[in-house]
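Notes for the one structure printed next.
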Protein chains: 2
Amino acid sequence: MEIREIFARNLRAARRANGLSQEELAHRADLDRTYISSLERHIYGATIDVVDRLAQVLGMEASDLLQRSAETQEPPSPDPGKDQA
Amino acid sequence: MEIREIFARNLRAARRANGLSQEELAHRADLDRTYISSLERHIYGATIDVVDRLAQVLGMEASDLLQRSAETQEPPSPDPGKDQA
DNA sequence: ATGTGACTTCAAGTCCGTG
DNA sequence: CCACGGACTTGAAGTCACA
């Protein structure tokens, strides 16, 4: 498992645990929406600077986002379902 | 404390704990000698790719190198009192 | 609300040499 | 063995338009 994938998964998981869309997260971390998307698709190897900025917004430590088995807080899991009318 | 400094300190400490010179570490991690030096002087913000590669050589996890303190855990500094009405 | 290709720019990372 | 400068190449950082 590459570090980029670890980070990508943790990022997506943490983002959802916080109930944020890529847009919302991007806005709060002062980054571009498509850049978050790229990160979650492990297109880039982010710098620790970006990792840290994201971690702060998500209320966690930068090291948590690189953890091989990250324990995110129990997400409310809104479970939007897929039946969008 | 910026993330670069955290990383720089952890890197240098881990490198010495492993009894490696900057040159040796650079060689084993397949990185440049002067780059390790730059990292320890927090000139650059390394990518998670580099952090991971370094961690492997040092026998630790990438997340360990970004840990604010390897052993001592500090209490979650609460808001430093913002005189906000 | 997300994925993706194309694009530009500036920092990451390399290589040289010096004290 | 390490700090540090300069010049260089590669890829991350940051933004759009469109699917």
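Residue numbering restarts at 1 for every chain, and letters A, B, ... go by the order of the sequence lines. Just so we're clear, the structure is a prediction, and the values are computed from it rather than from any experiment.
Atom CD in B/Gln22 sits about 11 Å away from atom P in D/dC4, given to the nearest Å. The CG atom of B/Asp49 sits 16 Å away from the C1' atom of C/dA11 (whole-angstrom rounding). Rounded to whole Å, atom C1' of D/dG14 lies 9 Å from atom CG of A/Leu31. The CG atom of A/Asp32 sits 13 Å away from the P atom of C/dT2 (whole-angstrom rounding). For the pair B/Arg53 CZ and C/dA12 P, the computed distance is 15 Å after rounding to whole Å. Nucleotide C/dA1 holds its C1' atom 11 Å from the CZ atom of A/Arg16, rounded to whole Å. Distance A/Ile3 CD1 to D/dA12 P: 14 Å, rounded to the nearest Å. Per the geometry, CD belonging to B/Glu23 stands 6 Å off P belonging to D/dC1, to the nearest Å.
OP1 or OP2 of D/dC1 has not a single side-chain nitrogen or oxygen of B/Arg12 nearer than 4.0 Å. Taking 4.0 angstrom as the limit, A/Arg15 places a side-chain polar atom (N or O) nearer than this to OP1 or OP2 of C/dT2.
To the nearest 0.5 Å, atom OG1 of residue B/Thr34 and atom CG of residue B/Leu39 are 10.0 Å apart. Atom-to-atom distance recorded for A/Arg68:CZ and B/Glu61:CD is 5.0 Å, nearest 0.5 angstrom.
Within residues 33-43 of chain A, the residues approached by DNA chain D to less than 4.0 Å at the level of any non-hydrogen atom are A/Thr34, A/Tyr35, in residue-number order.
Within the 4.5 Å cutoff, the side chain of B/Asn18 has no heavy atoms near those of the B/Val57 side chain. Side-chain contact check for A/Glu23 versus A/His27: every heavy-atom pair is 4.5 Å or farther apart. Side-chain atoms of A/Ile48 and B/Ile6, non-hydrogen and from C-beta on, never get closer than 4.5 Å to each other.
Comparing B/Thr47 and B/Leu20, the nucleotide of DNA chain D nearest to each residue sits closer to the 5' end for B/Leu20.
Residues satisfying the side chain to side chain contact (heavy atoms under 4.5 Å, CB included) criterion with A/Gln56, sequence neighbours excluded, are A/Asp52.
In this structure, A/Arg4 reaches the sugar-phosphate backbone alone: every heavy-atom distance under 4.0 Å involves primed, P, OP1 or OP2 atoms, never a base.
Applying the side chain to side chain contact (heavy atoms under 4.5 Å, CB included) test between A/Arg15 and each of A/Leu20, A/Leu54, A/Asn10 identifies A/Leu20 as the sole match.
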